[in-house]
**Student:** 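Below is the structure I would like to discuss, written out as structure tokens.
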Amino acid sequence: MGTSARNLAGKVALVAGGTRGAGRGIATQLGAAGATVYVTGRTSGSERSEMDRPETIEETAALVDEAGGRGIAVQVDHLVPSQVSALVARIRSEQGALHVLVNDIWGAEIEWGRPVWESTLDIGLHTLRLAVDTHAITSHFAIPLLLETPGGLVVEMTDGTDEYNAGHYRVSFFYDLAKASVNRMAFALAHELEPHGATAVALTPGWLRSEAMLQAHGVTEANWRDAVARSPHFAVSESPAYVGRAVAALAGDPEVARWNGRTLSSGQLARVYGFTDVDGSRPDAWRYLVEVQDAGLPADVTGYR
């Protein structure tokens with residue numbers, strides 16, 4: 001089951017950081033539900049970001065169109081307040097409303113497994129700027145427009161639920177701090193938005209088969225299972241469409257306020273809303289991580305997808 005019902009027709013979404021990965025999957029699935037989706041990022045057909053990857057915002061916007069929505073690509077560096085302010089002014093001028101804001105901005109180099117004293121300070125601080133400052137800047141400018149229509153939704157994209165991250169070190173000082181900050185942003189926004197009839201949540205995918213992850217494993221989406229022989233726990237991985245369907249389900253839920261302030265996962269929401277990944281399965285990576293991978297058990301996704 002996908003997001004076949006066009007229950008977001010007439011709705012306007014901003015997917016900030018929609019060039020690739022989860023952002024691309026979210027934008028596409030919002031389009032499949034009928035939304036108009038502004039797709040922003042630094043990499044366009046004419047210019048690449050420091051990540052130096054080939055995916056572009058124009059490609060994502062085209063995928064939104066193909067899915068049945070309307071995709072609008074806008075090149076934006078979300079660290080530059082004037083660019084974000086101009087983006088929101090354009091959305092106001094062209095659409096008159098904003099119903100869904102997805103803060104998925106990242107695009108940061110990560111030094112894996114290094115303690116703070118061995119990290120390159122410039123890289124670590126830049127990671128925080130790209131992961132935290134961008135979200136705050138975007139919320140500052142976009143939320144006033146979102147609040148003009150009751151029922152607005154803000155989704156902070158993260159890695160790991162509050163419960164999991166509270167008890168687990170997340171690969172490096174700066175990465176750990178970045179994801180804890182994003183989760184807390186959703187909590188704080190929930191308190192600020194609730195009196196205005198809007199909702200904020202944090203949402204984590206599981207082991208995401210992003211373009212970079214597929215490349216690292218030497219596979220494509222079509223043959224991703226070939227990587228399981230070398231990386232057995234990869235069997236619980238999910239496509240970007242899965243977390244995209246989670247966002248579309250939240251955006252189309254008239255009772256979405258029940259989740260206000262929560263940190264949610266794609267696998268958790270699939271059980272509630274009934275959507276599946278593109279292969280018809282429902283991977284539940286965070287439950288698997290605790291019960292199988294972290295427990296040191298052999299890879300076995302039975303009961304987890």
Side-chain angles (χ1 to χ4, degrees), residues 15-24 26 40-43 48-53 55 76-81 83-84 101-140 154-189 200-217 231 233 237 240 243 261 263-266 285-286 289-290 293-294:
V15 179
T19 313
R20 63 185 70 86
R24 176 170 284 190
I26 292 165
T40 66
R42 294 174 295 173
T43 299
R48 287 192 181 188
S49 75
E50 65 199 63
M51 300 306 291
D52 195 27
R53 289 197 56 84
E55 300 87 13
V76 176
D77 183 340
H78 285 264
L79 274 178
V80 182
Q83 292 188 25
V84 181
L101 168 62
V102 180
N103 277 324
D104 187 45
I105 313 136
W106 177 245
E109 180 183 352
I110 304 164
E111 293 186 312
W112 301 105
R114 289 192 183 185
V116 65
W117 61 90
E118 293 179 2
S119 299
T120 305
L121 189 59
D122 286 348
I123 292 176
L125 293 176
H126 191 51
T127 295
L128 291 181
R129 289 215 70 208
L130 287 168
V132 179
D133 290 15
T134 54
H135 290 225
I137 291 167
T138 306
S139 290
H140 172 80
V154 179
V155 180
E156 288 286 339
M157 295 302 299
T158 188
D159 178 15
T161 64
D162 263 344
E163 180 182 12
Y164 187 86
N165 289 357
H168 294 80
Y169 168 70
R170 300 307 311 278
V171 306
S172 75
F173 174 88
F174 288 105
Y175 189 83
D176 192 301
L177 181 57
K179 295 309 177 184
S181 297
V182 171
N183 286 1
R184 190 67 186 184
M185 275 195 277
F187 175 83
L189 283 172
V201 301
L203 176 63
T204 178
W207 193 341
L208 188 73
R209 293 196 302 273
S210 64
E211 297 87 352
M213 183 62 67
L214 290 170
Q215 184 177 351
H217 282 77
S231 182
H233 293 299
S237 66
V243 75
T263 304
L264 310 166
S265 72
S266 48
W286 291 100
L289 194 61
V290 172
Q293 185 171 324
D294 288 353

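Note that the structure is predicted; figures quoted are calculated from it, not measured. Note: hydrogens, waters and symmetry copies are ignored here, and every other heavy atom, side chains too, is used.
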**Student:** How far apart are the closest heavy atoms of T120 and R114, and which atoms are they?
**Tutor:** OG1-NH1, 3.9 Å
**Student:** How far does CZ of R129 sit from CD1 of I105, to the nearest 0.5 angstrom?
**Tutor:**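 Spacing of CZ (R129) from CD1 (I105) equals 12.5 Å.
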**Student:** Please check if the side chain of R24 supplies one atom and the backbone of T19 the other of a donor-acceptor pair under 3.5 Å.
**Tutor:**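 Yes: the side chain of R24 pairs with the backbone of T19.
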**Student:** So, does E111 use its side chain to make a donor-acceptor pair with the main chain of S119 at under 3.5 Å?
**Tutor:**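 Absent.
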**Student:** Over all heavy atoms of both residues, which pair between V290 and D294 is shortest? Give the atoms and the distance, please.
**Tutor:**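 Looking at all heavy atoms of both residues, the closest pair is O-CB, 4.0 Å.
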**Student:** Take Y175 and D159, measure what side-chain contact (heavy atoms from CB on, under 4.5 Å) needs, and give me the verdict at the end.
**Tutor:** CA-CA 10 Å; Y175 189 83; D159 178 15; 2.5 Å; yes
**Student:** Going from NE2 on H135 to CG on D104, what distance comes out if it is rounded to the nearest 0.5 angstrom?
**Tutor:** 7.0 Å
**Student:** Tell me, with the steps shown, if L130 and R42 meet side-chain contact (heavy atoms from CB on, under 4.5 Å).
**Tutor:** CA-CA 12 Å; L130 287 168; R42 294 174 295 173; 4.0 Å; yes
**Student:** Looking at Y164, is its backbone amide N or carbonyl O close enough to the side chain of H168 to form a donor-acceptor pair, meaning the two atoms are under 3.5 Å apart?
**Tutor:**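 The answer is yes, because a donor-acceptor pair under 3.5 Å joins these two groups.
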**Student:** What is the minimum heavy-atom distance between T43 and R53, and which atoms define it?
**Tutor:**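 In terms of heavy atoms, the two residues are closest at CG2-O, 3.9 Å.
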**Student:** With a 6.0 Å cut-off (strictly less than), is the heavy-atom count around CZ of R170, excluding the residue itself, greater than 12?
**Tutor:**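 Result for CZ/R170: enclosed.
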**Student:** Work out which heavy atom in A186 is nearest to a heavy atom in A200; give both atom names and the distance.
**Tutor:** O-CB, 3.8 Å
**Student:** Once rounded to the nearest 0.5 Å, what's the spacing between atom CD of E156 and atom CG of N183?
**Tutor:**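 If I round to the nearest 0.5 Å, the distance is 9.0 Å.
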**Student:** Just by modelled atom types, is the G21 backbone N or O under 3.5 Å from a matching donor or acceptor in the E211 side chain?
**Tutor:** yes
**Student:** Say you draw a straight line from CG of L289 to CH2 of W207; how long is it, rounded to the nearest 0.5 Å?
**Tutor:** 9.5 Å
**Student:** Could you please spell out the steps behind the side-chain contact (heavy atoms from CB on, under 4.5 Å) verdict for F174 and L121?
**Tutor:** CA-CA 10 Å; F174 288 105; L121 189 59; 4.2 Å; yes
**Student:** Show the nearest heavy-atom pair for residues A136 and M185, with the distance to one decimal.
**Tutor:** N-SD, 4.3 Å
**Student:** I need the S237 OG to H217 NE2 distance, nearest 0.5 Å.
**Tutor:**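 Rounded to the nearest 0.5 Å, the OG-NE2 separation comes to 8.0 Å.
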**Student:** Run the side-chain contact (heavy atoms from CB on, under 4.5 Å) test on W106 and M157 for me, step by step, so that the C-alpha distance in whole Å, both residues' side-chain angles and the decisive distance to 0.1 Å come before the verdict.
**Tutor:** CA-CA 9 Å; W106 177 245; M157 295 302 299; over 6 Å; no
**Student:** Can you name the closest pair of heavy atoms from S266 and V243 and give their distance?
**Tutor:** CB-CA, 4.1 Å
**Student:** Side chain to side chain contact (heavy atoms under 4.5 Å, CB included) with T158: which of V201, T204, N103, L203?
**Tutor:** T204
**Student:** Hey, could you give me the NE2/OG distance between H78 and S139, rounded to the nearest 0.5 Å?
**Tutor:** 10.5 Å
**Student:** Applying ring-ring contact (aromatic ring centres under 6.0 Å, His included), run through F173 and W117 and close with a yes or a no.
**Tutor:** CA-CA 9 Å; F173 174 88; W117 61 90; 9.3 Å; no
